[in-house]
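Report on the following structure.
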Amino acid sequence: MKRLVIAIDGPSGAGKGTVSRTVSQRLGYLHVDTGAMYRAVAWKAAYEGVPLDDDAQLSALARRASYEQADGTITIDGHDVTRAIRTPDMDKAAASVARLPAVREVLVGKQRALGAKGGVVMEGRDIGTVVFPNADVKLYIDASAEVRAQRRAADASHSGSQSGITSVQSDMAARDQADSTRAVAPLTKADDAVYIDTTDMPIEAVVHRVMMLIAEAVEP
Ligand code: DC
């Protein structure tokens, strides 16, 4: 059976991560969390003392970095950064790094290589618009700002989760605004993406909907 490219975009806390992971496991596909790539570059920049707005140095760093995602573990140049990249500081640092055109070019190239043979569920902000505009299935997963903040606050893998819901919500709103209004590859729904509002949907219902859409793409 044809191995598809499935592109999942949307803002933070909408449920992209859980849906992408579950769907990739059910299909036996590779799961690529592209946000983690931006986070890992931001982490390595802080580790090496490279300023977060230095596009030339950061894109060189991103190009030579060896980056791996497997079994829930994320490593960059041999450092296990699985937990270290999910902090409020890294939320901000990753959003800065994601603004830089040359860094994006390098990471988009790596993402295209990972999905070149199909059989991939890739999540991010620009997968259906920039990375794989010809993806077989394109989804835009959204939820209300309140529910997204609640999900982030309850996310045990994110160490900012102890802070109050109001501050989580305002930090998230600021980053979503930055991601949606930046000059290069802003967060936006591709015209041909299916919009799914997960505000009142349990995760299993979202996964079911996505699996139905994938089945339709395989046998229209
Ligand atoms: O999904 P996330 O919160 O882990 O993403 C981290 C940052 O990277 C966030 O500011 C959005 C940005 N990002 C991006 O610009 N493009 C992507 N494809 C994925 C993430």
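Atoms within each ligand, like the ligands themselves, are counted from 1 in listed order. Bear in mind the structure is a predicted one, so any value in this text is a computation, not a measurement.
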Report yes if [X] has an N/O atom closer than 3.5 Å to an N/O atom of ligand 1; otherwise report no.
X	value
Arg39	yes
Asp126	yes
Lys16	no
Asp179	yes
Tyr38	no

Minimal non-hydrogen separation, Tyr67 against Asp33, with atom names
OH-O, 4.0 Å
All heavy atoms of Val5 vs all of Gly115, minimum pair found to be CG2-O, 3.8 Å
Going by the side-chain contact (heavy atoms from CB on, under 4.5 Å) test, name the single residue among Val120, Leu213, Leu27 that passes it with Ile6.
Leu27
If you count the atoms of ligand 1 from 1 in the order shown, which ones are under 4.0 Å from a heavy atom of Thr34?
17 (C), 18 (N), 19 (C)
Within 4.0 Å of some non-hydrogen atom of Ala95, the atoms of ligand 1 are 10 (O)
Salt bridge or not between Arg148 and Asp176? Use side-chain N to carboxylate O under 4.0 Å.
yes
Considering only NZ, NE, NH1 and NH2 on the basic side and carboxylate oxygens on the acidic side, decide whether Asp126 and Arg182 come within less than 4.0 Å.
no
Considering only protein heavy atoms, which is closest to [atom], and at what distance to one decimal place?
atom	value
atom 7 (C) of ligand 1	Ala94 CB, 3.9 Å
atom 12 (C) of ligand 1	Ala98 CB, 3.7 Å
atom 13 (N) of ligand 1	Arg125 CG, 3.7 Å
atom 20 (C) of ligand 1	Gly35 CA, 3.5 Å

Residue-ligand contact Arg182/ligand 1, heavy atom below 4.0 Å
yes
Any heavy atom of Arg104 sitting closer than 4.0 Å to ligand 1?
yes
Asp71 (side chain) donor-acceptor with Thr73 (main chain) under 3.5 angstrom
no
Taking atom CD as the centre, does Gln69 end up with more than 12 heavy-atom neighbours from other residues, nucleotides or ligands that are less than 6.0 angstrom away?
yes
Report, as yes or no, whether the 6.0 Å neighbourhood of atom CG on Asp200 holds more than 12 heavy atoms from other residues, nucleotides or ligands.
no
If Ile, Leu, Val, Met, Phe, Trp and Tyr residues are connected whenever their side-chain heavy atoms lie under 4.5 Å apart, and connections chain through other members, are Tyr29 and Val207 in the same group?
yes
